[in-house]
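All values reported here derive from a predicted model rather than from experimental measurement.
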Amino acid sequence: MTRPQVSAVMLAYGAEPYLVDAARAVLDSTDVEIELIVVDNGCTGDGIDIVKGFPGVRVIRPEENTGYSGGCRVGAAEATGEWLAFVNSDAVVAPDALAKVVAVAGEPGVGAAMASIRLADDPELINTSGNPLHFTGLSWAGGNGEPASAHAARTTVPSLSGCCFVINRALWRELDGFAAEYFAYHEDTELSLRLWQRNLRLEYVPDAVVLHHYEFSRNALKLYLVERNRLVTLLTAYETRTLVVLAPVLLLTEVAMLAASLAGGWSKQKFKGWGWLWTNRAWLRARRRQLQAERTVPDGIIAELMTAKVAPSNVDSPPGMGVFNAVAAGYWALARPLLRKR
């Protein structure tokens, strides 16, 4: 049998202490024909020069830092394989991991599949086994810190992790991949929603192991992008009817996030995000038209995948989270039947 042709896309930015290990692991993948495309978004470490010398590697350097979403687009445009694998530069795939994820991604009705992302410091613990999706657009690393043995069964997940997932290249091209405007963060959530909107499942593959040198940061740029892009997804991917039904609690969420930004010292980033939405309102309208035209599944069905409880284990919950969760759960119980009605 012909082995699957896989093009792996990996981004490099900054020091990248694990780039060489991550690249070598991809190239050592078994039961697939692999090419590795490394997008140099401004790598300052020695790893990029080492990786350039590996057989089967192509290094592409855009004229400027294109971010995660833009870098993935650049790399995917150069791919020749039937399958696209997106692998973080701090993630080390097991030899058989990509083959196992490709096998699941190729099943009928599956849009994309992700590996079992483990914490590199303790491989018996999960980093993410699929990301929960809150109905307000919030998302986080699902199962983080929990025993991998508790996530040993294959499951359908609400949202993929961008750390390591596989999608058919033709489908990626049909979707036009990530929107470059996201730059970084939440683009995997939006892609996940778009696949569900086409009635395509997302699968978690528990025996496809990837060790992730995970480090959660709360720098100003990340907070700005995470919040801005959450709103971009809501405004473009949700149906108008959904936005109307959820309007009160979405406004409450904005008030809560503003309060959190004031308390956390990143209110300038929150306001900057609102400013970006206004400045780019023409793009938002065009993006919304695109996403609503391509969908075949209503939000009422996709709502069954969502949660009403914000419960990330990798960050401390801000004051008042218990009250917010209680209000959100009560509202969601009323809203879901309304979303099901057509």
Side-chain angles (χ1 to χ4, degrees), residues 3-11 22 26 29 31-39 66-89 91 93 96-117 128-131 133 139 142 154-180 182 184-206 208 210 212 233 237 290-291 294-297 302 305:
R3 297 194 297 181
Q5 307 287 311
V6 179
S7 296
V9 176
M10 185 176 291
L11 274 59
V26 166
S29 295
D31 299 318
V32 293
E33 294 293 334
I34 198 86
E35 70 170 352
L36 175 58
I37 302 166
V38 178
V39 180
T66 55
Y68 178 76
S69 55
C72 287
R73 290 177 62 89
V74 169
E78 297 293 323
T80 61
E82 179 184 3
W83 300 97
L84 286 172
F86 296 94
V87 183
N88 275 15
S89 55
V93 301
D96 60 353
L98 292 183
K100 289 179 176 179
V101 179
V102 167
V104 174
E107 294 178 2
V110 175
M114 61 169 284
S116 176
I117 315 299
T128 177
S129 57
N131 297 342
L133 179 58
S139 188
R154 175 176 156 181
T155 55
T156 300
V157 297
S159 180
L160 299 163
S161 166
C163 179
C164 182
F165 74 95
V166 168
I167 186 171
N168 184 275
R169 185 163 65 97
L171 177 58
W172 170 270
R173 293 177 65 182
E174 184 180 338
L175 291 164
D176 195 28
F178 297 138
Y182 273 67
Y185 305 114
H186 223 271
E187 63 284 297
D188 48 1
T189 303
E190 193 229 38
L191 182 71
S192 297
L193 272 172
R194 294 172 66 197
L195 289 167
W196 279 113
Q197 288 168 355
R198 290 179 171 227
N199 200 29
L200 294 170
R201 304 191 315 277
L202 310 175
E203 296 291 314
Y204 161 74
V205 187
V210 175
H212 189 201
T233 301
Q290 174 196 341
L291 268 55
E294 72 182 21
R295 68 184 299 157
T296 60
V297 176
I302 299 170
L305 303 164

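Looking at heavy atoms from C-beta onward, Cys164 lies in side-chain contact with Val93 at the 4.5 angstrom threshold. Within the 4.5 Å cutoff, side-chain heavy atoms of Arg194 are placed close to those of Leu291. The shortest side-chain heavy-atom distance between Asn168 and Glu82 falls under the 4.5 Å cut-off. Side chains of Val87 and Val210 form no contact here, defined as non-hydrogen atoms less than 4.5 Å apart. With contacts defined as side-chain heavy-atom distances shorter than 4.5 Å, the pair Phe86/Met10 does not qualify. Residues Val157 and Thr155 have side chains in contact (heavy-atom distance under 4.5 Å, counting atoms from C-beta outward). Counting heavy atoms from C-beta on, the side chains of Glu187 and Arg73 never come closer than 4.5 Å. When side chains are defined from C-beta on, Asn131 does not count as touching Thr189, because their heavy atoms never get closer than 4.5 Å.
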Exercise. Does the pair Gln197 and Ile302 meet the rule for a side-chain contact (heavy atoms from CB on, under 4.5 Å), with working shown?
Worked result: CA-CA 7 Å; Gln197 288 168 355; Ile302 299 170; 3.4 Å; yes
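Of all the heavy atoms in Ala184 and Ser69, the pair that sits closest is N-OG, 4.2 Å. For the residue pair Ala113 and Val205, the shortest heavy atom distance occurs at CB-CG2, 4.2 Å.
Not a single salt bridge (charged side-chain N to carboxylate O under 4.0 Å, His left out) links Asp31 to another residue, sequence neighbours left out. For Thr233, the side-chain hydrogen bond (donor to acceptor under 3.5 Å, both in side chains) partners at least two apart in sequence or on another chain are Tyr182, His186. Phe178 is linked by a ring pair (Phe, Tyr, Trp, His ring centres under 6.0 Å) to Tyr68, Trp172, counting only residues two or more places apart in sequence or in another chain.
Classification of Arg169 and Glu35 as a salt-bridged pair fails, no side-chain N sitting under 4.0 Å from a carboxylate O.
Between Leu195 atom CG and Glu190 atom CD the span is 10.0 Å, to the nearest 0.5 Å.
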